[in-house]
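See below for the structure under consideration.
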Amino acid sequence: MFKKILIPIDGSEKSLEGVRVASSMAQMYDSEMIILSIFRHHSMMERSFSMAGISKRTESLDETLSAYAKEIVEEGKKIAYETGATRVK
């Protein structure tokens with residue numbers, strides 16, 4: 001019935017619960033799971049306003065947000081595999 005299931009996650013417990021539910025569905029329908037997390041690209045002006053909220057890291061705001069989004073996706077993939085999914089991107 002479902003060839004692919006797209007799961008948007010933001011790192012919240014509710015979104016990770018969605019991964020668990022989607023994993024059950026993927027097993028039931030032999031579906032591929034695609035886990036997605038996005039971040040908003042910040043302009044130079046937004047970046048200058050946001051710098052106060054960032055620790056003294058050397059990377060840019062976009063690099064920090066990108067790394068965090070990748071961590072969230074990896075956590076989602078781990079949960080998907082642990083709950084029995086076999087095809088996860």
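Computed over heavy atoms, backbone and side chain alike; hydrogens, waters and symmetry mates excluded.
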Can you name the residues that form a side chain to side chain contact (heavy atoms under 4.5 Å, CB included) with [X], not counting sequence neighbours?
| X | result |
| --- | --- |
| Ser24 | none |
| Glu82 | Lys78 |
| Glu75 | Leu16, Ile79 |
| Asp30 | Arg87 |

> At their closest point, which heavy atom of Met33 faces which heavy atom of Ala80, and how far apart are they?
Replying inline: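 Looking at all heavy atoms of both residues, the closest pair is CE-CB, 3.8 Å.
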> Between Ile7 and Ala22, what is the shortest heavy-atom contact and its length?
Replying inline: CG1-CB, 3.5 Å
> Same cluster or not: are Tyr81 and Ile5 linked, directly or through other Ile, Leu, Val, Met, Phe, Trp or Tyr residues, by side-chain heavy atoms under 4.5 angstrom apart?
Replying inline: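 They do share one cluster, since a chain of ILVMFWY contacts under 4.5 Å joins Tyr81 to Ile5.
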>> Hydrophobic clustering (ILVMFWY, side-chain heavy atoms < 4.5 Å, transitive) - are Met28 and Val88 grouped together?
In response: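 Both belong to a single hydrophobic cluster.
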>> Once salt bridge (charged side-chain N to carboxylate O under 4.0 Å, His left out) is applied, do any residues pair with Glu74, and if so which ones, sequence neighbours excluded?
In response: Lys77
>> Among residues at least two apart in sequence or on other chains, which ones pass salt bridge (charged side-chain N to carboxylate O under 4.0 Å, His left out) with Lys89?
In response: Glu32
> Roughly how far, to the nearest 0.5 Å, is the CG atom of Leu65 from the NZ atom of Lys70?
Replying inline: 12.0 Å
> Less than 4.5 Å apart, any side-chain heavy atom of Lys3 and any of Ser31?
Replying inline: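 SC-SC contact between Lys3 and Ser31 ruled out.
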> Quick one: are Leu36 and Leu6 in side-chain contact, heavy atoms under 4.5 Å?
Replying inline: yes
> How far apart are the C-alpha atoms of Glu17 and Arg20, what are their side-chain angles, what is the distance that settles it, and do they pass the salt bridge (charged side-chain N to carboxylate O under 4.0 Å, His left out) test?
Replying inline: CA-CA 5 Å; Glu17 182 60 30; Arg20 294 178 187 93; 3.5 Å; yes
>> Treating Ser37 as the side-chain partner and Ile9 as the backbone partner, does any N or O pair qualify as donor plus acceptor under 3.5 Å?
In response: yes
>> Check whether Ser15 reaches the backbone of Asp10 with its side chain - one donor and one acceptor, N or O, closer than 3.5 Å.
In response: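 Judged by distance alone, yes, a pair lies under 3.5 Å.
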>> Atom CD1 of residue position Ile38 - does it have more than 12 heavy atoms of other residues, nucleotides or ligands inside 6.0 Å?
In response: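 For Ile38, atom CD1 is not crowded (no more than 12 foreign heavy atoms under 6.0 Å).
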